[in-house]
There are 4 protein chains.
Amino acid sequence: MEKRNLKQQIITTAGNLFYTKGYNTTGINEIISKSNVAKATLYHHFKSKEAICIAYLEAKHSLFMASLTNSIASENSTKAKLLGIFEYLRSEFRKEDFGGCWAIKLLGEIPQNDKNIKPLIVRQKKELIVFLNQLVGDSVKNASKAEIEQLSNSIYLLYETAITESYLHKSDWPIFQSRSIAQKLIAEIDLK
Amino acid sequence: MEKRNLKQQIITTAGNLFYTKGYNTTGINEIISKSNVAKATLYHHFKSKEAICIAYLEAKHSLFMASLTNSIASENSTKAKLLGIFEYLRSEFRKEDFGGCWAIKLLGEIPQNDKNIKPLIVRQKKELIVFLNQLVGDSVKNASKAEIEQLSNSIYLLYETAITESYLHKSDWPIFQSRSIAQKLIAEIDLK
Amino acid sequence: MEKRNLKQQIITTAGNLFYTKGYNTTGINEIISKSNVAKATLYHHFKSKEAICIAYLEAKHSLFMASLTNSIASENSTKAKLLGIFEYLRSEFRKEDFGGCWAIKLLGEIPQNDKNIKPLIVRQKKELIVFLNQLVGDSVKNASKAEIEQLSNSIYLLYETAITESYLHKSDWPIFQSRSIAQKLIAEIDLK
Amino acid sequence: MEKRNLKQQIITTAGNLFYTKGYNTTGINEIISKSNVAKATLYHHFKSKEAICIAYLEAKHSLFMASLTNSIASENSTKAKLLGIFEYLRSEFRKEDFGGCWAIKLLGEIPQNDKNIKPLIVRQKKELIVFLNQLVGDSVKNASKAEIEQLSNSIYLLYETAITESYLHKSDWPIFQSRSIAQKLIAEIDLK
DNA sequence: GATGAATGAGAGTTCATTCAT
DNA sequence: TATGAATGAACTCTCATTCAT
């Protein structure tokens with residue numbers, strides 16, 4: 001325990017548990033014992049278990065957006081960048097603790113009428129949609145706004161299905177298949 | 001209470017709760033009170049909560065496969081049948097209690113190393129994949145086995161993303177977008 | 001299931017479970033499943049679990065008294081008969097499922113103020129005491145009633161400690177030691 | 001409730017119930033209501049009911065060894081000390097809540113293959129055996145190790161039967177009879 | 001800033017028994 | 001005679017959270 005990153009420590013530990021075991025299945029006691037933090041200390045930093053979950057989601061999303069951006073930065077063309085998303089996913093899939101999309105998984109754990117976590121997830125997914133939309137839009141030659149949106153939305157949907165289904169089937173075929181479909185869609189539009 | 005459908009009654013009640021509230025969030029007490037059954041009666045029919053969940057998954061899957069099959073039966077061409085899948089999904093989406101894919105949601109609730117529910121879900125998804133593969137394969141003119149598989153797998157992936165994302169965004173655009181992509185892929189292959 | 005010894009079948013099965021697992025730890029469901037009898041059938045023959053226990057105790061005691069009597073019958077002298085009791089116990093100890101005294105074990109499972117099982121156990125133990133008293137009394141030459149009683153009571157106490165302690169320590173030294181003490185006491189009195 | 005002896009409080013309350021009602025017959029709810037402690041508080045201090053039982057056994061054994069030691073300390077000779085054990089037992093027998101040997105009773109409640117409680121009981125009984133062996137050994141004049149062991153083991157067996165049988169028959173005759181036998185055995189050996 | 005003791009509510013499961021057939 | 005469905009009460013244990021220090 002290095003003293004000052006106690007809060008981060010908790011988020012990391014709890015996050016790993018949420019991701020591998022599930023949110024509801026992970027108890028506060030497990031979090032405190034695994035992160036070597038006293039119970040009252042945990043509640044000093046977070047007002048509730050839900051607050052930890054939200055912090056975890058935010059950290060995970062930031063890291064994801066940064067990693068993704070960084071991962072495709074080296075590609076020269078927009079085409080390559082878009083397909084690079086699926087390469088990035090493949091590298092994630094290969095990691096031992098890969099467990100699909102943290103946000104989609106959480107979605108299954110919370111009531112349909114949840115008011116805190118669900119809206120956050122929606123916001124984050126929309127951020128990804130916007131990111132993709134800008135990526136496509138920045139380099140398009142001759143295409144309407146609608147065409148741009150259709151392509152970026154499609155890639156979003158393909159990314160989403162690829163991550164969930166590769167976890168479900170424990171195989172990377174959904175990633176390859178999604179990438180293949182994306183490739184066809186990209187070919188239709190005129191990119192720089 | 002019509003006397004002898006107690007077991008079905010429990011599955012239905014529990015299933016609705018699992019679907020709307022989540023599996024872990026739904027307690028046995030809520031199930032028994034909502035289905036007007038004594039706790040010991042429930043455990044007379046099911047050895048555990050997990051057993052109820054499995055029965056629920058099986059019932060849901062059977063019903064889904066039957067509904068889907070029936071829903072696209074009236075279409076004349078295979079093309080129409082394949083696109084009919086997305087029409088079917090739209091009709092589901094419009095229902096008030098639509099909550100996305102029951103199986104994918106459950107996936108988020110159970111530990112990564114679960115030995116009972118997860119394999120069942122995988123089996124059921126594979127059944128859908130096989131169903132789609134046969135649907136395409138039965139009516140193809142000139143296409144290799146690999147081409148057939150690629151199309152049916154693609155439609156599977158698109159269906160999956162459509163159901164999850166339409167629930168997440170509370171909008172049917174993912175269904176339309178997925179349908180649109182499917183249409184393009186179908187057009188590439190020579191179907192009867 | 002040969003039809004007619006259903007009641008016996010239940011007593012035997014339940015008895016084995018009571019003896020090896022304990023009375024309270026053994027459930028009605030385990031009894032019915034292991035004895036291949038329907039629940040209602042069991043309750044047709046016995047009004048309660050306690051009734052089964054009482055039947056079991058009676059069966060066990062009868063068998064015990066008969067076995068013991070038979071086992072020492074071949075001995076010529078009373079001295080040999082008395083020591084034969086410990087030989088009998090040794091043969092019981094060697095059996096794989098030996099678990100000490102069924103009655104003493106039951107004593108630990110029931111409340112101090114029990115009104116049905118405890119008195120039965122006391123009665124049965126007193127029967128053993130009387131049996132030993134007669135065995136000694138029948139063949140004594142010169143000894144007062146008090147002397148006879150002291151010897152038979154002593155042998156009873158030594159038998160009791162031998163059975164319980166050999167089970168507890170999983171060793172036959174308590175049987176040998178008890179037998180040795182008994183031998184000394186017997187030597188003091190003038191037997192035929 | 002004097003604040004900080006909650007753990008002890010639970011052991012005492014539970015112990016009394018285990019002793020008078022039996023281990024399996026005593027429920028956690030009864031323990032918490034009688035000791036005015038919340039259920040979660042109990043489980044904060046003990047990980048399971050079995051853990052309470054083990055704590056109870058250890059406390060009871062410590063107290064017993066100390067009481068016994070103290071009770072016979074005033075006697076001058078080893079002979080008197082050895083016989084003092086039975087005097088000690090008589091004083092226990094006279095107490096209103098006397099219920100025989102806590103350990104032997106527990107032995108009847110747990111499955112033959114128990115891995116936690118049974119070994120503890122065996123260990124404690126062996127401790128008593130060693131205690132008696134040293135008591136005899138320390139003051140013997142002319143006797144082999146084997147003779148010493150036979151005497152101390154015999155006294156152990158007699159003590160054990162005395163406590164169990166006096167409880168069973170609700171009479172102190174087994175104590176007197178055991179003491180009488182012990183006296184004879186002690187007379188045979190040459191003690192200081 | 002940091003703690004461990006304490007909690008009310010509820011988790012899932014099993015109990016011995018009864019009832020309608 | 002024989003049955004399996006149904007039950008209320010009780011079981012052991014865990015939950016996320018708060019409190020006094």
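The shown structure was predicted, so the numbers you read here are calculated from the model rather than taken from an experiment. Within every chain, numbering begins at 1; the chains are lettered A, B, ... in the order of the sequence lines, protein sequences first and strands thereafter.
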Worksheet item: Which nucleotide, F:dA16, E:dA2, E:dT13, lies nearest any side-chain atom of A:Ile28?
Response: F:dA16
Fill in: Separation of E:dT3 P from A:Leu42 CG (nearest whole Å)
11 Å
Item to complete: Using both distances under 3.5 Å as the test, list the Watson-Crick or G-U wobble partner of E:dC19, or none.
Response: F:dG4
Worksheet, complete the sentence: Between CD of A:Gln9 and C1' of E:dA2 the distance, given in whole Å, is 15 Å
Item to complete: For D:Thr25, report the nucleic acid contact type (base, sugar-phosphate, nothing); a contact means any heavy atom under 4.0 Å.
Response: nothing
Worksheet item: Cationic tip of B:Lys7 within the cone over B:Phe46's six-membered ring, i.e. under 6.0 Å and within 45° of the normal?
Response: yes
Practice prompt. Starting at atom CD1 of D:Ile32, determine the distance to atom C1' of E:dA6, rounded to an integer number of angstrom.
Written response: 13 Å
Item to complete: Taking the six-membered ring of C:Tyr19 (Phe, Tyr or Trp), confirm whether the NZ or CZ of C:Lys60 is under 6.0 Å from its centre and within 45° of its axis.
Response: yes
Fill in: D:Glu30/D:Lys34 under salt bridge (Lys or Arg N to Asp or Glu O under 4.0 Å): CA gap, chis, key distance, verdict
CA-CA 6 Å; D:Glu30 198 171 357; D:Lys34 290 242 166 80; 3.2 Å; yes
Discussion item. Side chain of A:His45 only, heavy atoms from C-beta on: which candidate in F:dA6, E:dA2, E:dA5 is closest?
Written reply: E:dA2
Worksheet item: Is a donor-acceptor contact shorter than 3.5 angstrom present between the side chain of A:Lys39 and the base of E:dT3?
Response: no
Response to the item:
Taken to the nearest whole Å, CZ/A:Phe46 to C1'/E:dG1 is 15 Å
Worksheet item: F:dT3 P sits how many Å from C:Asn36 CG, rounded?
Response: 10 Å
Worksheet entry | Between E:dA11 (C1') and B:Glu30 (CD): distance, integer Å | 13 Å
Worksheet item: D:Ala38 or B:Ala40: which one's nearest nucleotide on DNA chain E is closer to the 5' end?
Response: D:Ala38
Worksheet item: Within this structure, what is the CG-to-C1' distance between D:Leu6 and E:dA6, rounded to whole angstrom?
Response: 8 Å
Worksheet item: With a non-hydrogen cut-off below 4.0 angstrom, is C:His44 in contact with a base, only sugar-phosphate, or nothing?
Response: sugar-phosphate
Worksheet entry | Cation-pi check, A:Lys105 onto A:Tyr23 ring (under 6.0 Å, within 45° of axis) | no
Worksheet item: Short question: side chain of A:Glu109, backbone of A:Asn24 - any donor-acceptor pair under 3.5 Å?
Response: yes
Practice prompt. Ignoring backbone atoms, test whether A:Tyr43 places a side-chain nitrogen or oxygen under 4.0 Å from the OP1 or OP2 oxygen of F:dT17.
Written response: yes
Item to complete: Give one of base, sugar-phosphate or nothing for D:Asn29, where a contact means two heavy atoms less than 4.0 Å apart.
Response: base
Item to complete: Figure out the NZ/C1' separation between D:Lys49 and F:dA10, and round it to whole Å.
Response: 11 Å
Discussion item. Please tell me if B:Thr41 has a side-chain N or O lying less than 4.0 Å from either OP1 or OP2 of F:dA5.
Written reply: no
